[in-house]
Number of protein chains: 2
Amino acid sequence: MNHDMIIRITRYYRILNRLRSLGLEKVFAHNLADAAGVSAAIVRKDFSLLEIYGQKRGGYDILFLIAALGKILGKTDEPQNIIIVGCGRIGRALMHYNGFEPDGIRIIAGFDTDPLVYSENVHPVPIYPMSRLEEVVSSHQVDVAILTVPESATSDSFQRLMNAGIKGVLNFSPITLKPVADAEGLKPVIHNVNIALELEQIFYELQFPKT
Amino acid sequence: MNHDMIIRITRYYRILNRLRSLGLEKVFAHNLADAAGVSAAIVRKDFSLLEIYGQKRGGYDILFLIAALGKILGKTDEPQNIIIVGCGRIGRALMHYNGFEPDGIRIIAGFDTDPLVYSENVHPVPIYPMSRLEEVVSSHQVDVAILTVPESATSDSFQRLMNAGIKGVLNFSPITLKPVADAEGLKPVIHNVNIALELEQIFYELQFPKT
DNA sequence: TCGTTTATGTGAATCATTATACAATAAAAA
DNA sequence: TTTTTATTGTATAATGATTCACATAAACGA
């Protein structure tokens, strides 16, 4: 299974949950394709490769699909604990975002180097000094961190996360982090979100539209 | 030129600017490749397709590369004006982010429906009521908007942006927006950034590592 | 019951991307 | 000057993803 396919599966999964909440029971490949912005052929191909089958002429059963895709995506009833490292404006904004709960993701703590930030008690989750990173990560079995520190602190913070045993990072700093295999040859999973880069790409595409 | 290639070119461009600011004058394909996280072959291939040439054994001249790539990316001295629609926590955090300036992107205004938000005078850029959208967009020649409204307001806000003549949108809401051709057959450029989806993908990749 | 319609499932064909391999070339070394 | 070395530039091969095309099956209608 390649990366694009994971993205599509995750999309299908969310769309299906929406359709279910609207009361639908069946879905056709081309409906799902429209909603996910892909072709119907690829939806059928994806399901075919995943050995998920529908009914000829009847489409796919939504509940069955949700169960099958959820299994593939590793969905459990237990929420996944994550932390936010760097509690500036962006980090704090994400702390207040309540769109993670439906996806089974729970922010359990923030970390910052600034005592003015971590001493306040006004945040939706506790904020700790960086020195307590290892302790919280291991006691709460945290695998994934959101990194929202300033550019200059990116490399150091990332290194600390790796040392603390974090396995996945969602990095919002403009420095592109690259996975480096650890002593056991395991590579962390890193997603870089670079907002300025996204805007630049939009401007490029506006200037030189395709076809 | 395909989409992946644009992303790479934008990456090269930023890396080259960093290298230049460090005082370097030449760069080899494999250096750039390492920094951009791709193979050296693909760097050479990209440049070859763009008809950008280096010196055999001497690598590429950084200033020349920056000029050539800047031209391709449509870089001008004039900053590009953008607006932020939806001035909740995320929108306001982006307003304060100062990493756009070096890329020639300038946030000129925010928009919100809430009088409590747009009446305050504590923001780094003016915040207007949504009713003034069309006026500001046309008077400042704004082509691109960042959309940071709650999920429930996404479709409506997006429609208003399209009506106001916005051509590119960076959408942070969990609803995936799709480009729809307007009366003249032109499609807006839309980039969707879905933070929960990114996290879900990280969890997936952690659970089922590739190879 | 028997065509007709509709949608799935999938092998084959097409298209796109990336890697490989190496000739060409220039600099450095001998 | 000649040889060695390092790197570009690109043709070709390999790989991978997507679409096409159609056989297959189920439901519907007459």
Side-chain angles (χ1 to χ4, degrees), chain A residues 1-12 15-16 19 24-69 72 178-179 201 204-205 208 210-211, chain B residues 1-12 15-16 19 24-69 72 178 201 204-205 208-211:
Chain A
M1 169 136 54
N2 71 38
H3 188 241
D4 285 357
M5 189 162 164
I6 299 171
I7 296 177
R8 289 198 302 267
I9 304 289
T10 331
R11 284 234 157 86
Y12 300 155
I15 293 163
L16 289 164
L19 295 177
L24 300 191
E25 294 185 358
K26 296 280 182 181
V27 68
F28 297 134
H30 73 265
N31 301 133
L32 210 43
D34 287 347
V38 298
S39 72
I42 213 168
V43 171
R44 297 205 301 275
K45 192 66 144 189
D46 282 345
F47 290 171
S48 173
L49 291 172
L50 294 170
E51 299 181 346
I52 292 171
Y53 301 108
Q55 294 91 4
K56 300 247 162 142
R57 198 196 155 108
Y60 299 85
D61 184 275
I62 290 183
L63 284 179
F64 174 77
L65 266 185
I66 289 176
L69 296 183
I72 289 162
K178 279 185 298 177
Q201 281 167 38
Y204 175 84
E205 289 172 48
F208 305 103
K210 34 192 126 170
T211 62
Chain B
M1 168 136 53
N2 69 38
H3 184 73
D4 286 356
M5 190 163 163
I6 299 172
I7 297 177
R8 289 198 301 269
I9 304 288
T10 333
R11 285 234 157 87
Y12 299 156
I15 292 162
L16 289 164
L19 294 177
L24 300 191
E25 294 183 358
K26 296 281 184 181
V27 68
F28 298 134
H30 72 265
N31 301 134
L32 211 42
D34 287 347
V38 298
S39 73
I42 213 170
V43 171
R44 298 204 300 274
K45 189 70 142 189
D46 282 345
F47 291 171
S48 174
L49 291 172
L50 295 169
E51 299 180 347
I52 291 171
Y53 301 109
Q55 294 91 0
K56 299 250 162 130
R57 202 196 152 110
Y60 300 84
D61 184 275
I62 290 182
L63 285 179
F64 174 77
L65 266 185
I66 289 175
L69 296 183
I72 289 163
K178 278 187 296 178
Q201 282 167 36
Y204 175 83
E205 290 172 48
F208 305 103
K210 36 190 122 170
T211 64

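Per chain, numbering begins at 1; letters A, B, ... match sequence-line order.
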Quiz item: How long is the line joining CG of A:Leu49 and P of C:dT10, in whole Å?
Solution: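 Result: 9 Å.
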Quiz prompt | Rounded distance (Å) that lies between atom C1' of C:dT8 and atom CG of A:Leu50 | solution =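 It is 15 Å, rounded to the nearest whole Å.
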Practice problem: Walk along DNA chain D from 5' to 3' and tell me the first and last nucleotide with an atom closer than 4.0 Å to a non-hydrogen atom of chain A. | Solution: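 Both ends considered, the range comes out as D:dA17 to D:dC28.
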Practice problem: Tell me what B:Tyr53 touches on the nucleic acid: a base, only sugar-phosphate, or nothing, going by heavy atoms under 4.0 Å. | Solution: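 If one applies the 4.0 Å heavy-atom cut-off, B:Tyr53 turns out to touch the sugar-phosphate alone, with no base involved.
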Exercise. Would you classify B:Tyr60 as touching base, sugar-phosphate or nothing, given that sugar-phosphate means primed atoms plus P, OP1 and OP2, and contacts are heavy atoms under 4.0 Å?
Key: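 The residue B:Tyr60 makes sugar-phosphate contact but no base contact.
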Exercise. Check each residue of residues 24-32 of chain B for a non-hydrogen atom within less than 4.0 Å of any atom in DNA chain C, then write out the ones that pass by number, or none.
Key: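 None, since no heavy atom is under 4.0 Å.
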Exercise. Any chance you could measure B:Ile6, atom CD1, to A:Glu205, atom CD, to the nearest 0.5 Å?
Key: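 With rounding to 0.5 Å, CD1 (B:Ile6) is 5.0 Å from CD (A:Glu205).
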Under 3.5 Å donor-acceptor pairs involving side-chain atoms of residues 34-45 of chain A, not counting sequence neighbours:
from    : atom 1 : to      : atom 2 : distance (Å)
A:Ser39 : OG     : A:Ile42 : N      : 3.3

Practice problem: Answer yes if the ring centres of A:Tyr60 and A:Phe28 are under 6.0 angstrom apart, and no otherwise. | Solution: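 Aromatic pair excluded; centres sit 6.0 Å or further apart.
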Self-check item: All ring-ring contact (aromatic ring centres under 6.0 Å, His included) counterparts of B:Tyr204, not counting sequence neighbours
Solution: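 Partners of B:Tyr204 under the ring-ring contact (aromatic ring centres under 6.0 Å, His included) test: B:Phe208.
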Practice problem: List in chain and number order the residues that pass side-chain hydrogen bond (donor to acceptor under 3.5 Å, both in side chains) with A:Gln55, two or more places apart in sequence or in another chain; answer none if no residue qualifies. | Solution: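 Checked A:Gln55 against side-chain hydrogen bond (donor to acceptor under 3.5 Å, both in side chains); matches are A:Lys26.
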Pairwise N/O distances under 3.5 Å, protein to nucleotides 13-18 of chain C:
from   : atom 1 : to     : atom 2 : distance (Å)
C:dT17 : OP1    : B:Asn2 : ND2    : 2.6
C:dT17 : OP2    : B:Asn2 : ND2    : 3.0
C:dT17 : O5'    : B:Asn2 : ND2    : 3.4
C:dT18 : OP2    : B:Arg8 : NH1    : 3.2

So which protein nitrogen or oxygen atoms get under 3.5 Å of nucleotides 25-30 of chain C's nitrogens or oxygens?
from   : atom 1 : to      : atom 2 : distance (Å)
C:dA27 : N3     : B:Arg57 : NH1    : 3.3

With sequence neighbours left out, what residues match [X] under side chain to side chain contact (heavy atoms under 4.5 Å, CB included)?
X       : value
A:Leu24 : A:Leu19, A:Ile62
B:Tyr53 : B:Glu51
B:Leu50 : B:Met1, B:Met5, B:Ile9, B:Ile52, B:Leu69, B:Ile72

Exercise. Only counting residues at least two apart or in another chain, list the ones meeting salt bridge (charged side-chain N to carboxylate O under 4.0 Å, His left out) with A:Arg8.
Key: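 Per chain and number, A:Arg8 pairs via salt bridge (charged side-chain N to carboxylate O under 4.0 Å, His left out) with A:Asp46.
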Quiz item: How far apart are the C-alpha atoms of A:Thr10 and B:Gln201, what are their side-chain angles, what is the distance that settles it, and do they pass the side-chain contact (heavy atoms from CB on, under 4.5 Å) test?
Solution: CA-CA 7 Å; A:Thr10 331; B:Gln201 282 167 36; 4.0 Å; yes
Quiz prompt | Exercise: identify the closest heavy-atom pair between B:Asn31 and B:Val27 | solution =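 In terms of heavy atoms, the two residues are closest at CB-CG2, 3.7 Å.
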